[in-house]
There are 2 protein chains.
Amino acid sequence: MKSKATSFDIADRAGVSQATVSRALRGSLQVSEETRRRVQAAADELNYKVDKNASNLRKRHSGTLALLFFEDPTADESHINPFFLSMLGSITRACAKHGYDLLISFQQFSRDWHADFADSKKADGIILLGYGDYLAYCDKLGKLLAQETRFVRWGAVLPDQLDISIGCDNFHGGRVVAEHLLDQGCRQIAFLGDASSHYPEFFERYRGYAAALEQAGLALESSLQVNAESTERSGYEAMQTLLRRHIEFDAVFAASDLIAIGALHALNEHGLRVPQDVALVGFDDIPMASFVNPPLTTVVQDTKQAGEMLVTNLLRLIRNEPAQSAILPVKLVVRRSSLRKP
Amino acid sequence: MKSKATSFDIADRAGVSQATVSRALRGSLQVSEETRRRVQAAADELNYKVDKNASNLRKRHSGTLALLFFEDPTADESHINPFFLSMLGSITRACAKHGYDLLISFQQFSRDWHADFADSKKADGIILLGYGDYLAYCDKLGKLLAQETRFVRWGAVLPDQLDISIGCDNFHGGRVVAEHLLDQGCRQIAFLGDASSHYPEFFERYRGYAAALEQAGLALESSLQVNAESTERSGYEAMQTLLRRHIEFDAVFAASDLIAIGALHALNEHGLRVPQDVALVGFDDIPMASFVNPPLTTVVQDTKQAGEMLVTNLLRLIRNEPAQSAILPVKLVVRRSSLRKP
DNA sequence: CTGAAAGCGCTTACAG
DNA sequence: CTGAAAGCGCTTACAG
């Protein structure tokens, strides 16, 4: 097995210096068209590819981005939240579009993940994705910032944050869900999902919901809220908890589709029909949402745009250009699970 | 912004040579415990991380694997086949477990994807994943082999192939599905999915199905087979095609869950009930399978093991150790969609 | 437009 | 156990 050709081999074959090979192959305008062609031909014949390790070392950047995907250590290993999967797809595409490679890695929240890819120069910057306790997370974010690691984050966009993050309009999303439910005649709307600053995205959805209720002149019943994280199991359990309270409710707003699907199972088991007895709405519009029975009303986030924004903002950070957090619009998708009027 | 520390900075601070820093940090046994500790301390203080580009260049391998994900150019951009998503998760985890990073990239079948990551030394080897026309693909596989690129593939394991691939027992899977359906009293079992050597995995499932029918003394009706690729839309259309033929059938075996779900919609629209009028079975056990109504009987492939096998075999190839194609067992999961007996 | 040379930050024989 | 030195394969001033 002959070892791979280097730029010197190409130089020999094309009868030029190694420096010229390097220039020609990167399309430098300094090199004559004739030379460029000869070099290219030699490179093709020898099946030459630039060694990225060497060129990255010299150029001092890697042309790759790292995607750190956080997951709860308790989560079922085999199932990643489908919403993030969709983000992953759009991020991958956005990277490709901008000529960057993407390194992906699953991380546990608890581990020492900060300072890794970027510091070891495997990636020029990092995209942070995943649900998890924000307050626990914040500290590490600060360290990244202190080290001047370039990163962007998907999540809530809060007024006082120091990092760049892209998120959807969770407040507005929560509000339109509640308004829709009110419009359907519902008056006792339960909320399934964590509603604290530990999970700012859910909290914003909750606040939007609360705002709509208030505007409708309804009191916010704390007994109608049950904590849940974004898994089916958690949704199922939260629903059971709610049912055990023996409080009347005619609608459920689940902070995510996965929670909604879990809740749906619990409702079914309990003999309650959706939407006749209880209207149900989720958030995320994961593919499953339209397949459950009844199809689930939910809120779509534009993952394609989200991925693109994450990547372009990270690229700006890397180039020391101004970058900016952004809130993306959301849209309510009405399906059968929330329709109580004929 | 001070630039990042190098091994020379650590050497200064620890009062040793740069070579010793390198050794100490990689845990070489040559260096004394006392020195190692001092170096480590200095590295921690300066927040030092080895520059991977430099170390990879020197060591001549990258410690990363590339995952090339093939998708039909026609496919809906936003939705990746959930089955592959599950594979992606297990591959990512397997890489992490073996201390490798994972680069991911979506590729179109048509593009010039062969010879890329591995040749540019960004990855030591490649994992190939995705559905697509095998015959079109084969040619490029040959080129990879010729260049001595290390790669493994998820897909059918065929007797005469030259590359290493890992796949599930498609033939057996097809057979157990058909046997189950026969056992439910079905006699006219349609097959939705491509049944040619262009899509060897589907073809194997078809052959398993055919074998079961034959064993039951039933003739193979070609009019009961309709081509489909692994998308909902394609399944929906294939079902419509079948319905337009006005042939009697009492069961449908869809070559994938996505096809089955599309078929289910078409059946519903046509006023046919599953499983009462038509029993339905899919393949893959994607998360959605248990959420459709009725829940879908299907065949599970062990994606966790699959990911692990892909990675370990690729690693063997990289280390010039013997690697071997493998067929993983499958299991039928019976849900309501195929139950015709009470 | 092209070449000779320096250097990116490591790892690893080679000496001692 | 440690150090001095070479070299991995590029890119990019610096000259001409």
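Lettering of chains follows the sequences in order, A, B, ..., and the numbering in each one begins at 1.
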Where is the tightest heavy-atom contact between B/Q18 and B/S7, given as atom of each residue plus distance?
->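 That would be NE2-OG, 3.0 Å.
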Starting from [atom2] on [N], measure out to [atom1] on [X] and report it in whole angstrom.
X     : N      : atom1 : atom2 : result
B/D12 : D/dG3  : CG    : P     : 12 Å
B/F8  : D/dA5  : CZ    : P     : 11 Å
A/H61 : D/dT11 : NE2   : P     : 10 Å
A/D51 : C/dC10 : CG    : C1'   : 14 Å
A/L25 : D/dC10 : CG    : C1'   : 11 Å

Check whether any side-chain nitrogen or oxygen of [X] sits under 4.0 Å from OP1 or OP2 of [N], and answer yes or no.
X     : N      : result
A/S55 : D/dC10 : no
A/S7  : D/dC10 : yes
A/R60 : C/dG7  : no

Which part of the nucleic acid, if any, lies within reach of B/L29 when heavy atoms closer than 4.0 Å are counted: base, sugar-phosphate only, or nothing?
-> sugar-phosphate
Close residues, residues 32-41 of chain B, relative to DNA chain D [heavy-atom separation under 4.0 Å] | B/S32, B/T35
Hey, what are the protein-to-nucleotides 12-16 of chain D N/O distances that come in under 3.5 Å?
{"from": "D/dT12", "atom 1": "OP2", "to": "A/R26", "atom 2": "NH1", "distance (Å)": "3.3"}
{"from": "D/dT12", "atom 1": "O4'", "to": "A/R58", "atom 2": "NH2", "distance (Å)": "3.2"}
{"from": "D/dA13", "atom 1": "N6", "to": "A/R23", "atom 2": "NH2", "distance (Å)": "2.7"}

Do B/W154 and B/E201 have side chains that get closer than 4.5 Å, going by heavy atoms?
-> yes
Should B/Y48 and B/L25 count as side-chain neighbours, where that means a heavy-atom distance under 4.5 Å?
-> yes
side-chain contact (heavy atoms from CB on, under 4.5 Å), paired with B/I104, selected from A/L103, A/L88, A/L67 | A/L88
Indicate the ring-plane relationship of A/F84 and A/F69, choosing parallel, tilted or perpendicular according to the 30° and 60° boundaries.
-> perpendicular
Please answer whether the main-chain N or O of A/D101 pairs with a side-chain N or O of B/S105 as donor and acceptor at a distance below 3.5 Å.
-> no
Hunt down any stem DNA chain D takes part in, defined as 3 or more consecutive Watson-Crick or G-U pairs whose two distances are each under 3.5 Å.
->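 So far as stems of 3 or more pairs are concerned, DNA chain D shows C:1-3 with D:14-16, C:5-12 with D:5-12, C:14-16 with D:1-3.
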B/D124 and B/R150 ion-paired at < 4.0 Å | no
Is B/E308 salt-bridged to B/R93, cutoff N-O under 4.0 Å?
->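 No, B/E308 and B/R93 are not salt-bridged.
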Would you find more than 12 non-hydrogen atoms of other residues, nucleotides or ligands less than 6.0 Å from A/Q324 atom CD?
-> no
